[in-house]
2 protein chains.
Amino acid sequence: MDTTQRTDQQRSADRRRRELLEAADRVVLRDGPQASMNAIAAEAGITKPILYRHFGDKGGLYAALAMRHTDALLDSLRAALDAPADRRERVEATLDTYLAAIEARPQVYRFLMHPAEGSGPGDSGFDVGKHSAPLLRRMGEELAQVIEERLDLGPGGQQLARVWGHGIVGMMHAAGDWWLGERPCSRAELVRSLADLLWGRLAAAGDRVGGPGF
Amino acid sequence: MDTTQRTDQQRSADRRRRELLEAADRVVLRDGPQASMNAIAAEAGITKPILYRHFGDKGGLYAALAMRHTDALLDSLRAALDAPADRRERVEATLDTYLAAIEARPQVYRFLMHPAEGSGPGDSGFDVGKHSAPLLRRMGEELAQVIEERLDLGPGGQQLARVWGHGIVGMMHAAGDWWLGERPCSRAELVRSLADLLWGRLAAAGDRVGGPGF
DNA sequence: CGTGCATGTTACTTGCGGTAACAGCAGTCT
DNA sequence: AGACTGCTGTTACCGCAAGTAACATGCACG
């Protein structure tokens, strides 16, 4: 039987694939999302065609790379989301987990958010229609599911949960992106401010009185 | 004096520049953000080097193009934000204005959000560090200013307003992006749901009871 | 008339994504 | 043993897009 044989080969191929992904990871971490296939191949000690045999095209490699990090980050977020604690505390823990992740490895984070939409000749495999980073979508859906499972939102609750899931993720992402660039405050302060926003402090705040004649 | 002369020439150059931008606009509207310089030049009835003389490089052209749309959208948003109405109504009007804009011209919107990060040889002019679309940043800052002007947030209010500005803009953007792709509900419903989120309905919602043993 | 100067062109370089086509090197089947 | 398969790896190439150099033309000014 060639089954054992095949399994051996597959194992080897998988190991190689993992090595290649790790090399790609190093390069992306160093050069950012615009790392070239040549550079990645060189880092892995091989040449381009092998990369293409393993991943099809650049989109495939990037998708595989993104999947790893996305999975890892989503695991952390799920843990924070599932902690046995007050709702507010859980939300703050989740925000903090995300922000800590992007703070620790900004290059990876930037890469995840800009999956290099098809720029080559043939279609590179990325649908322009759903251009937004898959990570955001996945996080949004995930959060929506948690919200819908945990909260009693009445009729139409499922849709509401999805809107909120994507909305909250977007809020987290944009605020985090801005914060990474300007560092106007500590992470803890940012977390508190965002949680305050979600807790309706915007709606509850009082109007300012100083407006002259307006 | 050559002043009048120069003014004439400058006028002519500005007109030309505007024509080129409009041509570029048409192409981007048709081909999406990955429109090539050749295609844009062809649409304008000229050849590449002229584009480069006018805009420096692709990044320059894209920046100029983005500026136009960004300005236009920001004007609409400011109008909605400044309407004489209830705070909730103003927030909903702003959300709706943004969503209507991206719904009407998705290609332009996508272009604005993905400014084609430097892919060419030399540095294309876009700083990778602040990769996020300038539109998002500008909207965030704008909203932050309005919030800070209008609301009495106590000490640290300015920072809070900035966090909220960028957070809300991100929420709007991500939810809008997702909504554009899936169209799970009407625009009005989406607006209501997002406003509800900002009004703290997430924090106020009751826990679900069905969880067995959890 | 020649001198500036903006406008326009063709033709080129560079670099990247992607693809043949070929070269070893296992193990397998007859 | 020898042909066959299937994987890994190479060099050399194509096509395309960004960006540039060098040349050509129309037009005002002295």
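First the proteins, then the strands, lettered A, B, ... as listed; each starts at 1.
- Taking atom CZ on A:Arg15 and atom C1' on D:dT8, their separation rounds to 14 Å, with Å as the unit.
- As a whole-Å value, the separation of A:Glu19 CD from D:dT8 P is 11 Å.
- Checking C:dG18, D:dT8, D:dA21 against the side-chain heavy atoms of A:Lys58 singles out C:dG18 as nearest.
- For D:dG9, the OP1/OP2 oxygens have a side-chain nitrogen or oxygen of A:Arg16 closer than 4.0 Å.
- Note on A:Arg90 versus A:Asp82: no salt bridge recorded, every NZ/NE/NH1/NH2 to OD/OE distance being 4.0 Å or above.
- For B:Tyr52, taking side-chain heavy atoms from C-beta onward, the closest of the listed nucleotides C:dT9, D:dA18, D:dT10 is D:dA18.
- Residue-to-nucleotide proximity on DNA chain C shows that, of B:Ile50 and A:Arg53, the 5′-proximal contact is made by B:Ile50.
- A cation-pi geometry, defined here as NZ or CZ lying under 6.0 Å from the six-membered ring centre and within 45° of its normal, holds between A:Arg183 and A:Trp179.
- Ring planes of B:Tyr109 and B:Tyr98: perpendicular class, angle over 60° (limits at 30 and 60°).
- Look at A:Arg88 and A:Asp196 and you find a salt bridge, because one of the NZ, NE, NH1 or NH2 atoms lies within 4.0 Å of a carboxylate O, short of that distance.
- With values rounded to the nearest 0.5 angstrom, A:Arg16 atom CZ is found 6.5 Å from A:His54 atom NE2.
- Here the P atom of nucleotide C:dG15 and the CG atom of A:Asp31 are 15 Å apart, to the nearest Å.
- Atom CD1 in B:Ile46 sits about 12 Å away from atom P in C:dT10, given to the nearest Å.
- Rounded to whole Å, the distance from NE2 on B:His54 to C1' on C:dC5 is 14 Å.
- Remark: B:Leu197 CG to B:Leu202 CG distance equals 6.0 Å, nearest 0.5 Å.
- Atom pair B:Lys48:NZ and C:dT13:P shows a separation of 14 Å (rounding to whole Å applied).
- When the C1' atom of C:dT7 is taken as reference, atom CZ of B:Arg17 falls 16 Å away, rounded to whole Å.
- Taking every heavy atom of residues 36-44 of chain A and every atom of DNA chain D, no pair lies under 4.0 Å.
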Point to revise | Residue pair B:His69, B:Asp25: steps toward the side-chain hydrogen bond (donor to acceptor under 3.5 Å, both in side chains) verdict | key: CA-CA 10 Å; B:His69 289 109; B:Asp25 217 347; 3.3 Å; yes
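- Proximity of A:Thr47 to the phosphate of D:dT10: a side-chain N or O atom is located under 4.0 Å from OP1 or OP2.
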